[in-house]
Protein chains: 2
Amino acid sequence: MMKFRYLPLLAAFVLAASPLLAQVSYESILGSDGDPANWPTYSGSYHGQHYREIDQINRQNVADLQLSWVYQGSSTNTWQSTPIVVDGVMYVTEGPDNVVALDAVTGREFWKHEHKLPARINVCCGKINRGVALLGDLVYMGTLDGYLKALDAKTGRLVWEKKIVDNDEGYALAMAPLVVKDKIIIGPAGGEYGIRGFLDAYDAKTGERVWRFNTIPGPGEKGHETWENDAWKTGGGSAWVTGSYDPELNLLYWGVGNPSPDWNPEVRPGDNLYTDSVIALNPDTGELQWHFQFTPNDEWDYDSVQVPVLADMEYQGRQRKLMLWGNRNAFFYVLDRTDGTFLLGKPFAKQTWAKGLDDKGRPIKAPGMSPSEAGTEVFPSVQGATNWYAPAYSPRTKLFYLTAWVDYWGLFYTGEPVVYTPGNRYDGSAVARIYPDAMEEKEPGTGAIRALDPLSGEARWEFSSLGVSESGLLATSSDLLFSGSMEGHFFAIDATNGELLWRTQLGGRVANSPITYMANGRQQVTVASGDSLFTFRLKQ
Amino acid sequence: MMKFRYLPLLAAFVLAASPLLAQVSYESILGSDGDPANWPTYSGSYHGQHYREIDQINRQNVADLQLSWVYQGSSTNTWQSTPIVVDGVMYVTEGPDNVVALDAVTGREFWKHEHKLPARINVCCGKINRGVALLGDLVYMGTLDGYLKALDAKTGRLVWEKKIVDNDEGYALAMAPLVVKDKIIIGPAGGEYGIRGFLDAYDAKTGERVWRFNTIPGPGEKGHETWENDAWKTGGGSAWVTGSYDPELNLLYWGVGNPSPDWNPEVRPGDNLYTDSVIALNPDTGELQWHFQFTPNDEWDYDSVQVPVLADMEYQGRQRKLMLWGNRNAFFYVLDRTDGTFLLGKPFAKQTWAKGLDDKGRPIKAPGMSPSEAGTEVFPSVQGATNWYAPAYSPRTKLFYLTAWVDYWGLFYTGEPVVYTPGNRYDGSAVARIYPDAMEEKEPGTGAIRALDPLSGEARWEFSSLGVSESGLLATSSDLLFSGSMEGHFFAIDATNGELLWRTQLGGRVANSPITYMANGRQQVTVASGDSLFTFRLKQ
């Protein structure tokens with residue numbers, strides 16, 4: 001018997017090219033909440049909730065999840081990027097500084113844009129990039145050596161590029177840009193290099209700069225009075241995580257990084273605005289509408305570079321437009337996002353640097369917590385009680401979810417002279433001494449996913465683990481919460497009670513945030529682990 | 001409501017170390033056919049069938065396979081290694097030349113042994129290693145720079161090492177060694193560098209060499225007469241894939257590589273024994289018992305470095321001990337393995353180099369097929385009609401399965417002077433011209449998994465694909481056949497008819513062979529793709 005079987009499916013995988021017609025308009029990003037097919041912007045939607053109305057994968061069937069595809073990166077750099085998905089095409093950055101466009105159904109590569117980096121790059125924390133933005137036919141990325149690039153979404157070919165910062169001076173572009181209307185919003189990393197930070201808006205078509213907001217105000221700018229001497233010139237205030245946007249209020253919200261130098265506050269007396277703050281800007285003009293500073297005169301590198309989460313709910317007796325913020329400084333904040341009014345602040349993890357917050361939300365610093373020559377033990381550590389990875393909010397459970405470093409401590413040193421030289425670190429301490437090198441003598445601390453009730457700031461439940469995590473969260477309307485671990489686990493828990501429902505092991509650190517989308521009628525969940533990207537779905 | 005849930009499972013993954021008590025004895029390798037828990041030697045068992053009596057995963061449930069764990073390699077080198085598994089511990093090599101010991105249940109690393117390679121290594125085809133052998137408490141590996149190393153299986157620490165070849169002269173160790181009784185059998189790669197090949201046996205305890213069989217016989221050795229002039233001194237005859245063993249006959253079977261220089265047969269008139277042959281040796285003494293040469297005076301680089309498959313069946317009227325061999329030269333052979341008697345030879349893929357075989361199995365060369373200055377088009381290509389990746393044989397279906405490059409052509413060039421200098425390539429042609437560089441003008445050819453009936457050499461069925469594959473095969477007693485593709489697919493087909501039952505996409509080339517084992521009461525299937533290792537199992 002001679003029986004030949006051909007494999008139309010495999011064949012199709014090899015040859016069939018999906019038409020690369022992916023496009024995104026500003027309106028489609030506005031409407032992304034009602035569009036489970038796409039994940040068109042860094043946080044999924046403008047409100048930064050990392051939440052989707054999608055329920056094909058639910059609590060009953062999540063344990064049946066199967067691996068759909070893997071995309072293996074072309075370097076061994078751990079990915080911190082979160083993909084975007086539009087019309088069946090996934091756009092994601094991979095180390096050191098490439099963009100790839102993939103078939104969101106199969107993982108097959110449509111194109112790769114390799115950005116050539118110079119041999120020497122001044123970055124504090126690895127050659128990483130957190131993702132892209134898409135508007136119309138163009139894909140936007142920032143590069144570590146300071147270019148804003150616009151690529152043809154169909155081919156990956158360069159349409160235009162602008163050098164907007166100088167990496168020789170420690171500036172680098174690593175965040176996923178944000179599209180608002182016809183503008184591309186982006187800011188630089190470099191808080192460890194004594195940069196002077198800003199947030200910029202560029203014309204999406206031409207790349208011309210439309211406005212710049214200086215996160216470190218210069219002479220004549222409001223807030224300049226919070227800097228003494230010339231400290232503002234090297235004041236830090238980076239912006240390395242993508243912000244959020246409220247189209248009704250027409251307000252752009254962005255978190256600002258730590259002041260420079262990191263651990264020597266004595267060289268920069270004052271509150272050091274707008275470091276460690278959230279700023280609310282008019283996206284058309286870049287004008288500041290309000291700000292809230294979480295950690296004035298920061299001594300511990302508590303960047304406020306988390307994603308602002310915008311949620312509307314009844315609060316203290318009336319319906320309010322809120323901003324929920326789990327800060328690196330270990331406090332959970334609720335602000336009124338129309339004007340920045342402080343409503344609530346409560347620790348979500350162990351902290352020793354503040355005795356508490358006053359009724360305006362300003363911290364009352366605890367004595368004896370300043371960095372010292374001998375090393376001062378402070379909670380949270382230099383990595384914070386949370387960080388860049390996405391928190392989530394579910395309008396169903398009305399809970400705010402975040403990855404917490406529950407009781408992870410740091411030793412903060414200072415006393416070494418700090419001298420600013422362009423392009424060199426300006427952080428006030430030997431880098432090797434930042435991290436808890438006494439770890440062998442002392443437990444490093446544990447981690448958890450915590451579900452906070454915004455009304456009280458109390459944890460409704462927690463999902464605890466022995467290790468800390470750099471994974472963000474994804475919430476769905478089927479009451480699932482997806483996250484990962486340092487050790488490479490990827491798992492789903494019940495968003496209502498924290499019960500573990502499914503897990504797998506991906507072999508590398510999860511240092512980004514999972515996303516979900518529909519493709520070919522099936523819900524997909526994607527996450528990066530180590531140097532690879534993994535997508536799961538249910539059996540057909 | 002404050003509800004705290006701890007994660008004992010994740011916690012267990014982080015802390016719990018399986019006791020590293022893995023041990024393998026010669027007897028346990030002999031008995032591995034009846035032991036689905038382990039995969040204690042390169043081909044699973046001495047008979048080289050890449051088959052297991054194991055059926056938890058079967059044709060009914062294979063479509064439910066889930067990802068259990070991933071191990072991400074520490075370089076971007078594509079893995080060609082096949083793991084071994086003993087008592088819940090997996091030992092596998094990763095690029096460039098490391099050994100890792102993993103928890104076979106979770107993928108967690110117990111230890112990694114990093115072999116430091118010199119900056120310059122003379123290898124034809126990438127920095128790869130195909131795996132390890134295990135005997136007692138020692139793990140054995142060959143290194144590209146010529147060391148045979150014995151590592152402590154519990155810790156990865158070096159117990160002893162012997163430099164057995166000189167990479168400066170083009171010798172390299174890349175195969176998984178084979179344990180037979182108290183000896184470690186290993187041979188070198190280097191056929192493109194004018195080496196003089198051999199197969200060696202070392203005392204497993206001390207690393208002392210017990211015997212050497214010269215695959216290129218010197219003066220006074222049988223077969224030397226098949227070499228003219230001094231061609232034997234640089235005659236090639238590498239041994240870079242692991243052989244098989246028949247304990248009843250006490251015969252060791254090994255495939256031998258091509259003669260050097262590869263494409264200039266005029267400098268080495270004669271049959272060039274024992275290149276492109278299978279040799280049958282007494283494993284105690286290294287004495288040759290018989291040989292069979294597939295391609296005398298090879299002109300096309302048709303290494304016979306496939307795994308010899310040993311199978312017993314009724315053949316031409318009586319029960320016989322057979323050897324089944326799908327050769328790189330595109331012929332499928334059946335030999336009587338007691339004495340090497342040729343029983344059958346039939347093409348399993350398109351070939352143009354031979355008009356046929358005579359009744360002793362010796363090929364009758366077709367005219368006009370010699371490499372030429374203009375380039376001669378020959379089927380199969382320089383990559384052969386199959387290659388190092390494991391074929392499989394199922395005693396249930398009585399079919400021989402192999403990965404075939406069905407009609408993949410090559411252009412063979414010669415005419416350039418070949419001068420031997422130690423450590424430099426000695427292959428008779430510019431490397432850049434070996435591969436079908438006219439590909440853009442001409443289809444490169446297709447691939448298939450073919451199921452051959454050893455009684456006739458006819459294909460019973462085939463599983464066709466548009467691309468060729470470097471993946472080996474795994475057959476199970478539940479009539480499943482697992483394999484992978486260049487494009488990163490990993491899939492299961494019905495071993496009785498070739499029907500596709502399940503597939504996933506792993507993101508990297510599969511250039512090794514899947515294995516299966518039991519761990520924690522569950523059947524696991526493991527395969528490498530790109531620079532990572534993937535393990536699948538059913539939901540509990």
Measure [X] against the heavy atoms of chain B and call it side chain, backbone, both or neither at under 4.5 Å.
X: Ala63(A); answer: both
X: Asp453(A); answer: neither
X: Ser529(A); answer: both
X: Phe536(A); answer: side chain
X: Ser532(A); answer: both
X: Thr76(A); answer: both

Chain A heavy atoms under 4.5 Å from Phe534(B): which part of the residue, side chain, backbone, both or neither?
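Side chain only.
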Between Thr504(B) and chain A, which part of the residue has a heavy atom less than 4.5 Å away: side chain, backbone, both or neither?
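Thr504(B) touches chain A through backbone and side-chain heavy atoms alike.
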Go through the steps to decide whether Asp64(B) and Asp64(A) satisfy the test side chain to side chain contact (heavy atoms under 4.5 Å, CB included), and finish with yes or no.
CA-CA 8 Å; Asp64(B) 296 322; Asp64(A) 297 322; over 6 Å; no
Check the orientation of [X] and [Y]. Use parallel for under 30°, tilted for 30 to 60°, and perpendicular for over 60°.
X: Phe332(B); Y: Phe400(B); value: tilted
X: Phe490(A); Y: Phe482(A); value: parallel
X: Tyr401(A); Y: Trp461(A); value: tilted

Please rank Glu109(A), Gln72(A), Gln66(A) by heavy-atom pairs under 4.5 Å with chain B and give me the top one.
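Max contact count across the listed options: Gln72(A).
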Could you tell me which of Leu533(A), Asp531(A), Leu506(A) has the largest number of non-hydrogen atom pairs under 4.5 Å with chain B?
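Option with the top pair count is Leu506(A).
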Going through the checks in order, is the side chain to side chain contact (heavy atoms under 4.5 Å, CB included) test met by Glu94(B) and Lys112(B)?
CA-CA 10 Å; Glu94(B) 57 152 35; Lys112(B) 180 187 290 187; 3.6 Å; yes
Chain A: which of Gly507(B), Gly73(B), Gly530(B), Ser74(B) shares the most heavy-atom pairs with it under 4.5 Å?
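Greatest number of close heavy-atom pairs with chain A: Gly507(B).
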How long is the straight-line distance from CD of Gln524(A) back to CD of Gln56(A), given to the nearest 0.5 Å?
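Answer for the CD-CD pair, Gln56(A) versus Gln524(A), is 8.5 Å.
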Side chain to side chain contact (heavy atoms under 4.5 Å, CB included) assessment of Ile128(B) paired with Thr78(B)
CA-CA 8 Å; Ile128(B) 57 94; Thr78(B) 295; over 6 Å; no
Nearest heavy atoms of Arg59(A) and Val62(A), plus distance in Å:
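What the structure gives for the nearest pair is O-CG1, 4.1 Å.
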